[in-house]
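Worksheet for the structure shown next.
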Number of protein chains: 2
Amino acid sequence: MVTVRRPQRADARRNFDALLAAARSSFAENGTDASLEEIARRAGVGIGTLYRNFPTRRDLFEAVYVEEVNQLAEVAAAVAALPPWEALTAWLDRFVSYAVTKRAIIEALNRESEMFATCRRTMYDAGEPLLERAQKEGVVRSDLSFDDLLRMVSGLTSGAYVDDAQRSRVVSFALDGLRVR
Amino acid sequence: MVTVRRPQRADARRNFDALLAAARSSFAENGTDASLEEIARRAGVGIGTLYRNFPTRRDLFEAVYVEEVNQLAEVAAAVAALPPWEALTAWLDRFVSYAVTKRAIIEALNRESEMFATCRRTMYDAGEPLLERAQKEGVVRSDLSFDDLLRMVSGLTSGAYVDDAQRSRVVSFALDGLRVR
DNA sequence: TGCAAAACGGAGGCCCCCCTCCACTAATCT
DNA sequence: AGATTAGTGGAGGGGGGCCTCCGTTTTGCA
(Lines give C-alpha, C1' and ligand atoms only; values in the text may rest on other atoms or scores of the structure.)
Protein backbone atom coordinates (compact mmCIF):
# COMPACT_ATOMS: atom_id res chain seq x y z
CA MET A 1 0.00 0.00 0.00
CA VAL A 2 1.50 3.28 -1.10
CA THR A 3 0.96 6.40 0.90
CA VAL A 4 0.43 10.06 0.10
CA ARG A 5 1.40 12.59 2.71
CA ARG A 6 -1.50 14.73 3.83
CA PRO A 7 -1.06 18.01 5.71
CA GLN A 8 -1.51 18.26 9.47
CA ARG A 9 -3.95 21.05 10.10
CA ALA A 10 -7.67 20.41 9.68
CA ASP A 11 -8.33 23.15 7.15
CA ALA A 12 -5.28 22.17 5.16
CA ARG A 13 -6.41 18.56 5.08
CA ARG A 14 -9.83 19.67 3.87
CA ASN A 15 -8.27 21.66 1.05
CA PHE A 16 -5.92 18.84 0.19
CA ASP A 17 -8.81 16.42 -0.19
CA ALA A 18 -10.89 18.91 -2.14
CA LEU A 19 -8.00 19.45 -4.54
CA LEU A 20 -7.53 15.74 -5.02
CA ALA A 21 -11.21 15.24 -5.81
CA ALA A 22 -11.27 18.22 -8.15
CA ALA A 23 -8.15 16.97 -9.89
CA ARG A 24 -9.56 13.49 -10.37
CA SER A 25 -12.75 14.71 -12.01
CA SER A 26 -10.98 17.38 -13.99
CA PHE A 27 -8.42 14.94 -15.37
CA ALA A 28 -11.18 12.52 -16.24
CA GLU A 29 -13.07 15.22 -18.12
CA ASN A 30 -10.30 17.14 -19.80
CA GLY A 31 -7.32 14.83 -19.83
CA THR A 32 -3.97 15.43 -18.24
CA ASP A 33 -3.66 18.94 -19.59
CA ALA A 34 -6.62 20.18 -17.59
CA SER A 35 -6.07 23.70 -16.30
CA LEU A 36 -4.60 23.83 -12.81
CA GLU A 37 -6.37 27.11 -12.16
CA GLU A 38 -9.63 25.43 -13.06
CA ILE A 39 -8.88 22.63 -10.61
CA ALA A 40 -8.19 25.14 -7.85
CA ARG A 41 -11.41 26.95 -8.72
CA ARG A 42 -13.37 23.71 -8.60
CA ALA A 43 -11.90 22.87 -5.23
CA GLY A 44 -12.89 26.33 -3.99
CA VAL A 45 -9.29 27.09 -3.21
CA GLY A 46 -6.71 29.65 -4.32
CA ILE A 47 -4.16 28.72 -6.93
CA GLY A 48 -1.44 29.27 -4.36
CA THR A 49 -2.86 26.53 -2.19
CA LEU A 50 -2.80 24.12 -5.06
CA TYR A 51 0.85 24.84 -5.73
CA ARG A 52 1.81 24.49 -2.09
CA ASN A 53 0.28 21.02 -1.90
CA PHE A 54 1.36 19.93 -5.35
CA PRO A 55 4.39 21.88 -6.58
CA THR A 56 4.19 20.33 -10.04
CA ARG A 57 1.44 18.95 -12.23
CA ARG A 58 3.17 15.64 -11.91
CA ASP A 59 2.75 15.63 -8.14
CA LEU A 60 -0.99 15.94 -8.66
CA PHE A 61 -0.99 13.05 -11.11
CA GLU A 62 0.85 10.88 -8.68
CA ALA A 63 -1.43 11.67 -5.77
CA VAL A 64 -4.57 10.93 -7.78
CA TYR A 65 -3.05 7.79 -9.20
CA VAL A 66 -1.93 6.47 -5.83
CA GLU A 67 -5.38 6.92 -4.37
CA GLU A 68 -6.99 4.92 -7.14
CA VAL A 69 -4.46 2.14 -6.96
CA ASN A 70 -5.08 1.81 -3.24
CA GLN A 71 -8.80 1.48 -3.82
CA LEU A 72 -8.17 -1.26 -6.34
CA ALA A 73 -6.16 -3.19 -3.80
CA GLU A 74 -9.03 -3.01 -1.34
CA VAL A 75 -11.51 -4.32 -3.86
CA ALA A 76 -9.27 -7.27 -4.67
CA ALA A 77 -9.39 -8.36 -1.06
CA ALA A 78 -13.16 -8.02 -1.02
CA VAL A 79 -13.80 -10.27 -4.03
CA ALA A 80 -11.37 -13.02 -3.12
CA ALA A 81 -14.13 -15.23 -1.79
CA LEU A 82 -16.01 -15.48 -5.11
CA PRO A 83 -15.48 -18.30 -7.65
CA PRO A 84 -12.45 -17.68 -9.90
CA TRP A 85 -14.13 -16.28 -13.03
CA GLU A 86 -16.55 -14.16 -11.04
CA ALA A 87 -13.82 -12.82 -8.78
CA LEU A 88 -11.74 -11.83 -11.76
CA THR A 89 -14.55 -10.08 -13.60
CA ALA A 90 -15.79 -8.35 -10.46
CA TRP A 91 -12.36 -6.91 -9.90
CA LEU A 92 -12.11 -5.87 -13.55
CA ASP A 93 -15.46 -4.16 -13.19
CA ARG A 94 -13.98 -1.97 -10.55
CA PHE A 95 -10.85 -1.53 -12.57
CA VAL A 96 -12.99 -0.14 -15.35
CA SER A 97 -14.45 2.60 -13.18
CA TYR A 98 -11.05 4.16 -12.90
CA ALA A 99 -9.60 3.18 -16.23
CA VAL A 100 -10.26 6.45 -18.01
CA THR A 101 -8.47 8.64 -15.50
CA LYS A 102 -5.79 6.08 -14.97
CA ARG A 103 -4.97 5.67 -18.60
CA ALA A 104 -4.45 9.37 -19.17
CA ILE A 105 -2.35 9.73 -16.07
CA ILE A 106 -0.24 6.68 -16.74
CA GLU A 107 0.60 8.02 -20.16
CA ALA A 108 1.61 11.37 -18.70
CA LEU A 109 3.61 9.82 -15.88
CA ASN A 110 7.14 8.76 -16.51
CA ARG A 111 7.10 5.00 -16.45
CA GLU A 112 10.58 4.87 -15.03
CA SER A 113 9.73 6.63 -11.78
CA GLU A 114 10.04 4.76 -8.54
CA MET A 115 6.56 5.78 -7.53
CA PHE A 116 5.14 4.28 -10.68
CA ALA A 117 6.93 1.01 -10.02
CA THR A 118 5.56 0.85 -6.50
CA CYS A 119 2.00 1.44 -7.62
CA ARG A 120 2.31 -1.07 -10.37
CA ARG A 121 3.50 -3.61 -7.86
CA THR A 122 0.59 -2.82 -5.57
CA MET A 123 -1.89 -3.28 -8.35
CA TYR A 124 -0.31 -6.48 -9.58
CA ASP A 125 -0.22 -7.92 -6.09
CA ALA A 126 -3.91 -7.19 -5.85
CA GLY A 127 -5.15 -8.45 -9.22
CA GLU A 128 -2.67 -10.98 -10.52
CA PRO A 129 -3.61 -13.75 -8.05
CA LEU A 130 -7.17 -13.53 -9.32
CA LEU A 131 -6.02 -14.25 -12.85
CA GLU A 132 -3.62 -16.98 -11.75
CA ARG A 133 -6.31 -18.76 -9.81
CA ALA A 134 -8.65 -18.68 -12.83
CA GLN A 135 -5.87 -20.04 -15.02
CA LYS A 136 -4.93 -22.80 -12.57
CA GLU A 137 -8.50 -23.97 -12.48
CA GLY A 138 -8.55 -24.06 -16.27
CA VAL A 139 -11.13 -21.33 -16.68
CA VAL A 140 -8.90 -18.86 -18.50
CA ARG A 141 -6.41 -19.49 -21.31
CA SER A 142 -2.92 -19.82 -19.95
CA ASP A 143 -1.09 -17.77 -22.57
CA LEU A 144 -2.58 -14.55 -21.28
CA SER A 145 -0.50 -12.32 -19.02
CA PHE A 146 -1.96 -10.04 -16.39
CA ASP A 147 -0.50 -7.09 -18.25
CA ASP A 148 -2.28 -8.20 -21.43
CA LEU A 149 -5.52 -8.36 -19.52
CA LEU A 150 -5.27 -4.92 -17.97
CA ARG A 151 -4.39 -3.26 -21.23
CA MET A 152 -7.19 -5.03 -22.99
CA VAL A 153 -9.83 -4.01 -20.50
CA SER A 154 -8.52 -0.51 -20.12
CA GLY A 155 -8.53 0.00 -23.88
CA LEU A 156 -11.96 -1.52 -24.29
CA THR A 157 -13.52 0.73 -21.74
CA SER A 158 -11.79 3.96 -22.62
CA GLY A 159 -13.76 4.38 -25.81
CA ALA A 160 -17.14 5.95 -26.35
CA TYR A 161 -20.17 3.69 -26.54
CA VAL A 162 -23.79 4.28 -27.41
CA ASP A 163 -24.90 3.22 -23.95
CA ASP A 164 -23.79 1.13 -21.00
CA ALA A 165 -25.47 -1.92 -22.47
CA GLN A 166 -23.26 -1.78 -25.53
CA ARG A 167 -20.16 -1.27 -23.43
CA SER A 168 -20.81 -4.29 -21.29
CA ARG A 169 -21.82 -6.39 -24.30
CA VAL A 170 -18.57 -5.56 -26.05
CA VAL A 171 -16.49 -6.15 -22.94
CA SER A 172 -18.14 -9.48 -22.26
CA PHE A 173 -17.58 -10.65 -25.86
CA ALA A 174 -13.94 -9.77 -25.57
CA LEU A 175 -13.55 -11.45 -22.19
CA ASP A 176 -15.21 -14.46 -23.71
CA GLY A 177 -12.19 -14.77 -25.96
CA LEU A 178 -10.09 -15.36 -22.84
CA ARG A 179 -12.12 -18.23 -21.45
CA VAL A 180 -11.44 -21.86 -22.00
CA ARG A 181 -14.63 -23.39 -23.40
CA MET B 1 -17.58 8.46 -51.32
CA VAL B 2 -17.52 11.82 -49.62
CA THR B 3 -15.57 14.69 -51.12
CA VAL B 4 -13.58 17.61 -49.76
CA ARG B 5 -13.25 20.69 -51.94
CA ARG B 6 -9.66 21.53 -52.79
CA PRO B 7 -8.56 24.93 -54.03
CA GLN B 8 -7.91 25.64 -57.72
CA ARG B 9 -4.54 27.27 -57.93
CA ALA B 10 -1.46 25.04 -57.79
CA ASP B 11 0.23 26.77 -54.86
CA ALA B 12 -3.01 26.78 -52.93
CA ARG B 13 -3.51 23.09 -53.54
CA ARG B 14 0.00 22.39 -52.34
CA ASN B 15 -0.63 24.28 -49.14
CA PHE B 16 -3.99 22.64 -48.65
CA ASP B 17 -2.46 19.19 -48.84
CA ALA B 18 0.43 20.14 -46.58
CA LEU B 19 -2.02 21.45 -44.01
CA LEU B 20 -4.07 18.29 -44.13
CA ALA B 21 -1.01 16.10 -43.62
CA ALA B 22 0.28 18.31 -40.81
CA ALA B 23 -3.14 18.26 -39.16
CA ARG B 24 -3.41 14.49 -39.33
CA SER B 25 -0.06 13.90 -37.68
CA SER B 26 -0.55 16.68 -35.18
CA PHE B 27 -3.97 15.42 -34.12
CA ALA B 28 -2.57 11.92 -33.80
CA GLU B 29 0.24 13.16 -31.57
CA ASN B 30 -1.46 15.81 -29.48
CA GLY B 31 -5.15 15.06 -29.70
CA THR B 32 -7.85 17.34 -31.01
CA ASP B 33 -6.63 20.34 -29.08
CA ALA B 34 -3.36 20.48 -30.97
CA SER B 35 -2.26 24.03 -31.63
CA LEU B 36 -3.40 25.38 -34.97
CA GLU B 37 -0.37 27.61 -35.15
CA GLU B 38 1.80 24.55 -34.68
CA ILE B 39 -0.03 22.82 -37.52
CA ALA B 40 0.53 25.81 -39.80
CA ARG B 41 4.19 25.87 -38.80
CA ARG B 42 4.55 22.17 -39.54
CA ALA B 43 2.97 22.65 -42.92
CA GLY B 44 5.41 25.49 -43.61
CA VAL B 45 2.52 27.87 -44.08
CA GLY B 46 1.26 31.05 -42.45
CA ILE B 47 -1.49 30.91 -39.92
CA GLY B 48 -3.62 33.03 -42.23
CA THR B 49 -3.46 30.35 -44.90
CA LEU B 50 -4.66 27.75 -42.47
CA TYR B 51 -7.65 29.88 -41.53
CA ARG B 52 -8.51 30.61 -45.14
CA ASN B 53 -8.68 26.92 -45.96
CA PHE B 54 -10.25 25.82 -42.68
CA PRO B 55 -12.14 28.65 -41.01
CA THR B 56 -12.76 26.57 -37.88
CA ARG B 57 -10.96 23.78 -36.10
CA ARG B 58 -13.94 21.67 -36.89
CA ASP B 59 -13.44 22.12 -40.61
CA LEU B 60 -9.97 20.68 -40.22
CA PHE B 61 -11.32 17.70 -38.29
CA GLU B 62 -13.86 17.02 -40.97
CA ALA B 63 -11.34 17.19 -43.80
CA VAL B 64 -8.93 14.82 -42.06
CA TYR B 65 -11.73 12.47 -41.11
CA VAL B 66 -13.20 12.34 -44.60
CA GLU B 67 -9.85 11.46 -46.10
CA GLU B 68 -9.40 8.54 -43.76
CA VAL B 69 -12.89 7.23 -44.28
CA ASN B 70 -12.36 7.24 -48.02
CA GLN B 71 -9.20 5.21 -47.63
CA LEU B 72 -11.08 2.66 -45.55
CA ALA B 73 -13.65 2.26 -48.29
CA GLU B 74 -10.92 1.53 -50.80
CA VAL B 75 -9.39 -1.14 -48.60
CA ALA B 76 -12.74 -2.86 -48.18
CA ALA B 77 -13.01 -3.32 -51.92
CA ALA B 78 -9.49 -4.70 -52.04
CA VAL B 79 -10.04 -7.45 -49.45
CA ALA B 80 -13.42 -8.64 -50.70
CA ALA B 81 -11.92 -11.63 -52.45
CA LEU B 82 -10.47 -13.22 -49.28
CA PRO B 83 -12.32 -15.85 -47.19
CA PRO B 84 -14.82 -14.30 -44.76
CA TRP B 85 -12.82 -14.30 -41.53
CA GLU B 86 -9.62 -13.22 -43.25
CA ALA B 87 -11.37 -10.47 -45.17
CA LEU B 88 -12.87 -9.10 -41.98
CA THR B 89 -9.64 -9.12 -40.01
CA ALA B 90 -7.66 -7.69 -42.90
CA TRP B 91 -10.04 -4.77 -43.08
CA LEU B 92 -9.92 -4.31 -39.31
CA ASP B 93 -6.14 -4.27 -39.52
CA ARG B 94 -6.39 -1.25 -41.74
CA PHE B 95 -9.07 0.23 -39.54
CA VAL B 96 -6.60 0.02 -36.69
CA SER B 97 -3.99 2.11 -38.47
CA TYR B 98 -6.28 5.08 -38.35
CA ALA B 99 -8.15 4.35 -35.16
CA VAL B 100 -6.16 6.65 -32.92
CA THR B 101 -6.68 9.79 -34.96
CA LYS B 102 -10.21 8.80 -35.81
CA ARG B 103 -11.28 8.22 -32.27
CA ALA B 104 -10.16 11.62 -31.08
CA ILE B 105 -11.77 13.36 -34.01
CA ILE B 106 -15.01 11.46 -33.76
CA GLU B 107 -15.31 12.48 -30.15
CA ALA B 108 -14.70 16.12 -31.01
CA LEU B 109 -17.07 16.06 -33.95
CA ASN B 110 -20.72 16.62 -33.38
CA ARG B 111 -22.36 13.30 -34.02
CA GLU B 112 -25.46 14.99 -35.35
CA SER B 113 -23.78 16.67 -38.29
CA GLU B 114 -24.78 15.70 -41.78
CA MET B 115 -21.15 15.23 -42.73
CA PHE B 116 -20.70 12.76 -39.91
CA ALA B 117 -23.72 10.79 -41.03
CA THR B 118 -22.43 10.59 -44.58
CA CYS B 119 -19.02 9.38 -43.50
CA ARG B 120 -20.53 6.87 -41.18
CA ARG B 121 -22.62 5.56 -44.00
CA THR B 122 -19.58 5.32 -46.26
CA MET B 123 -17.68 3.37 -43.67
CA TYR B 124 -20.56 1.06 -42.90
CA ASP B 125 -21.16 0.37 -46.56
CA ALA B 126 -17.53 -0.58 -46.82
CA GLY B 127 -17.14 -2.78 -43.75
CA GLU B 128 -20.53 -4.09 -42.76
CA PRO B 129 -20.85 -6.57 -45.64
CA LEU B 130 -17.62 -8.18 -44.48
CA LEU B 131 -19.11 -8.84 -41.07
CA GLU B 132 -22.43 -9.99 -42.48
CA ARG B 133 -20.77 -12.48 -44.76
CA ALA B 134 -18.76 -13.91 -41.86
CA GLN B 135 -21.93 -14.20 -39.80
CA LYS B 136 -23.93 -15.83 -42.59
CA GLU B 137 -21.27 -18.44 -42.99
CA GLY B 138 -21.39 -19.16 -39.29
CA VAL B 139 -17.88 -17.97 -38.55
CA VAL B 140 -18.83 -15.06 -36.28
CA ARG B 141 -21.42 -14.91 -33.50
CA SER B 142 -24.64 -13.41 -34.78
CA ASP B 143 -25.45 -11.19 -31.82
CA LEU B 144 -22.61 -8.82 -32.65
CA SER B 145 -23.38 -5.59 -34.47
CA PHE B 146 -20.97 -3.84 -36.77
CA ASP B 147 -21.02 -0.88 -34.44
CA ASP B 148 -20.05 -3.15 -31.53
CA LEU B 149 -17.16 -4.45 -33.55
CA LEU B 150 -15.77 -1.06 -34.56
CA ARG B 151 -15.94 0.29 -31.06
CA MET B 152 -14.30 -2.79 -29.68
CA VAL B 153 -11.40 -2.69 -32.08
CA SER B 154 -10.97 1.04 -31.87
CA GLY B 155 -10.90 0.88 -28.07
CA LEU B 156 -8.52 -2.05 -28.03
CA THR B 157 -6.04 -0.35 -30.26
CA SER B 158 -6.17 3.12 -28.81
CA GLY B 159 -4.33 2.09 -25.67
CA ALA B 160 -0.62 1.89 -25.04
CA TYR B 161 1.06 -1.49 -25.33
CA VAL B 162 4.52 -2.71 -24.49
CA ASP B 163 5.17 -3.63 -28.12
CA ASP B 164 3.34 -4.52 -31.31
CA ALA B 165 3.42 -8.19 -30.40
CA GLN B 166 1.38 -7.54 -27.28
CA ARG B 167 -1.07 -5.38 -29.15
CA SER B 168 -1.76 -8.00 -31.75
CA ARG B 169 -1.93 -10.77 -29.15
CA VAL B 170 -4.51 -8.85 -27.17
CA VAL B 171 -6.52 -7.94 -30.25
CA SER B 172 -6.52 -11.51 -31.49
CA PHE B 173 -7.67 -12.84 -28.09
CA ALA B 174 -10.54 -10.38 -28.10
CA LEU B 175 -11.50 -11.17 -31.68
CA ASP B 176 -11.42 -14.81 -30.69
CA GLY B 177 -14.36 -14.06 -28.42
CA LEU B 178 -16.37 -13.16 -31.50
CA ARG B 179 -15.78 -16.39 -33.38
CA VAL B 180 -18.06 -19.35 -33.34
CA ARG B 181 -15.97 -22.32 -32.28
C1' DT C 1 5.54 39.55 -70.84
C1' DG C 2 2.39 42.09 -68.22
C1' DC C 3 -1.60 42.32 -65.32
C1' DA C 4 -5.59 41.18 -62.41
C1' DA C 5 -7.06 38.19 -59.18
C1' DA C 6 -6.01 34.72 -55.97
C1' DA C 7 -3.37 33.45 -52.31
C1' DC C 8 0.02 34.34 -48.73
C1' DG C 9 1.69 35.13 -44.04
C1' DG C 10 2.60 37.34 -39.93
C1' DA C 11 1.82 41.34 -36.77
C1' DG C 12 -1.17 42.48 -33.19
C1' DG C 13 -5.14 42.42 -29.93
C1' DC C 14 -7.33 39.39 -26.92
C1' DC C 15 -7.63 35.80 -23.65
C1' DC C 16 -6.31 32.06 -20.71
C1' DC C 17 -2.85 29.52 -18.43
C1' DC C 18 1.44 28.87 -15.66
C1' DC C 19 3.80 29.87 -11.57
C1' DT C 20 5.86 33.01 -7.82
C1' DC C 21 5.56 35.87 -4.04
C1' DC C 22 3.96 37.81 0.11
C1' DA C 23 0.57 40.32 3.04
C1' DC C 24 -3.19 38.30 5.42
C1' DT C 25 -6.05 34.67 8.13
C1' DA C 26 -7.20 31.26 11.30
C1' DA C 27 -6.16 26.63 13.61
C1' DT C 28 -3.70 24.82 17.38
C1' DC C 29 -1.31 25.03 21.72
C1' DT C 30 -0.72 26.66 26.35
C1' DA D 1 -7.62 34.31 25.37
C1' DG D 2 -3.42 35.25 23.10
C1' DA D 3 0.61 33.91 20.72
C1' DT D 4 2.55 31.28 17.24
C1' DT D 5 2.99 29.70 12.90
C1' DA D 6 0.98 26.81 9.29
C1' DG D 7 -1.81 27.85 5.82
C1' DT D 8 -4.29 30.99 2.46
C1' DG D 9 -5.29 33.11 -2.00
C1' DG D 10 -4.89 36.18 -5.59
C1' DA D 11 -2.28 39.82 -8.06
C1' DG D 12 0.85 40.07 -11.71
C1' DG D 13 4.58 39.03 -15.17
C1' DG D 14 5.61 35.90 -18.82
C1' DG D 15 4.21 32.87 -22.46
C1' DG D 16 1.49 30.92 -25.93
C1' DG D 17 -2.68 30.04 -28.58
C1' DC D 18 -6.73 32.05 -31.16
C1' DC D 19 -8.23 34.74 -34.86
C1' DT D 20 -8.49 39.06 -37.93
C1' DC D 21 -6.77 42.14 -41.10
C1' DC D 22 -4.23 43.85 -44.75
C1' DG D 23 0.18 44.90 -47.29
C1' DT D 24 2.93 41.73 -50.21
C1' DT D 25 3.75 37.85 -53.31
C1' DT D 26 2.59 34.39 -56.69
C1' DT D 27 -0.07 32.36 -60.30
C1' DG D 28 -2.51 31.78 -64.49
C1' DC D 29 -4.17 33.88 -68.41
C1' DA D 30 -4.06 36.74 -72.53
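Every chain is numbered from 1 and lettered A, B, ... according to where its sequence line falls, protein lines coming before strand lines.
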Rounded to the nearest Å, what distance is computed from the [atom1] atom of residue [X] to the [atom2] atom of nucleotide [N]?
X       : N      : atom1 : atom2 : value
B:Arg52 : C:dA6  : CZ    : C1'   : 9 Å
A:Glu38 : C:dC17 : CD    : P     : 8 Å
B:Leu36 : D:dT20 : CG    : P     : 12 Å
A:Ile39 : C:dC17 : CD1   : P     : 11 Å
A:Phe54 : D:dG7  : CZ    : P     : 13 Å
A:Leu19 : D:dT8  : CG    : P     : 9 Å
A:Asn30 : C:dC17 : CG    : P     : 10 Å
B:Arg14 : C:dA6  : CZ    : P     : 18 Å

Under 4.0 Å between a side-chain N/O of [X] and OP1 or OP2 of [N], yes or no?
X       : N      : value
B:Arg41 : D:dG17 : yes
B:Asn15 : C:dA7  : no
A:Ser35 : C:dC16 : no

For the helix from C:dT1-D:dA30 to C:dT30-D:dA1, what is the angle between the axes at its two ends, each from 5 pairs, rounded to 10°?
->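 Roughly 30° between the end axes, to the nearest 10°.
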Crowding at CZ, A:Arg121 (>12 non-hydrogen neighbours, <6.0 Å) |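 Result for CZ/A:Arg121: open.
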Got a sec, which residues hit side-chain hydrogen bond (donor to acceptor under 3.5 Å, both in side chains) with B:Arg42, two or more places apart in sequence or on another chain?
->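 Once residues adjacent in sequence are excluded, the partners of B:Arg42 under the side-chain hydrogen bond (donor to acceptor under 3.5 Å, both in side chains) criterion are B:Ser25, B:Glu29, B:Glu38.
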Can you sort out the partners of B:Asp164 under side-chain hydrogen bond (donor to acceptor under 3.5 Å, both in side chains), two or more places apart, ordered by chain and number?
->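 Checked B:Asp164 against side-chain hydrogen bond (donor to acceptor under 3.5 Å, both in side chains); zero matches.
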Start at the 5' end of DNA chain D and walk down; is the nucleotide closest to B:Ala34 or to B:Arg13 reached first?
->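 The 5'-side residue here is B:Ala34.
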With B:Trp91 via ring-ring contact (aromatic ring centres under 6.0 Å, His included) - residues at least two apart =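 By the ring-ring contact (aromatic ring centres under 6.0 Å, His included) rule, B:Trp91 matches B:Phe95, B:Phe146.
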Would you say the base of D:dA6 and the side-chain of A:Arg9 have a donor-acceptor pair closer than 3.5 Å?
->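 Indeed there is one.
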When you look at A:Phe27 and A:Phe61, which way does the ring pair (Phe, Tyr, Trp, His ring centres under 6.0 Å) test go after all the steps?
-> CA-CA 9 Å; A:Phe27 287 149; A:Phe61 289 161; 5.0 Å; yes
Does the side chain of B:Thr122 pick up a donor-acceptor pair with the side chain of B:Asp125 at under 3.5 Å?
->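 No, because no side-chain N or O of B:Thr122 sits under 3.5 Å from a partner of the opposite role on B:Asp125.
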Residues A:Arg58 and A:Glu62 bridged, charged N to O under 4.0 Å |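 Looking at A:Glu62 together with A:Arg58, the answer is yes, because their closest N to O distance falls below 4.0 Å.
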Charged N to carboxylate O under 4.0 angstrom, A:Arg151 versus A:Asp147?
->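 Result for this pair is yes, salt bridge flagged.
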Classify the nucleic acid contact of B:Ala10 as base, sugar-phosphate or nothing, counting any heavy atom under 4.0 Å across all strands shown.
->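 Answer is sugar-phosphate: B:Ala10 comes under 4.0 Å of backbone atoms only.
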Partners of A:Arg57 by salt bridge (Lys or Arg N to Asp or Glu O under 4.0 Å), sequence neighbours excluded?
->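 By the salt bridge (Lys or Arg N to Asp or Glu O under 4.0 Å) rule, A:Arg57 matches no residue at all.
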Protein N or O to nucleotides 10-15 of chain C N or O, pairs below 3.5 Å:
residue, atom, partner, partner atom, Å
C:dG10, O6, B:Gly48, N, 3.4

Where each residue is assigned the nucleotide of DNA chain C containing its nearest heavy atom, which of B:Asp11 and A:Pro55 is assigned the position nearer the 5′ end?
->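 With B:Asp11 and A:Pro55 compared, the 5'-side residue is B:Asp11.
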Closest heavy-atom pair and its distance - B:Ala76, B:Ala126 |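 Looking at all heavy atoms of both residues, the closest pair is CB-O, 3.3 Å.
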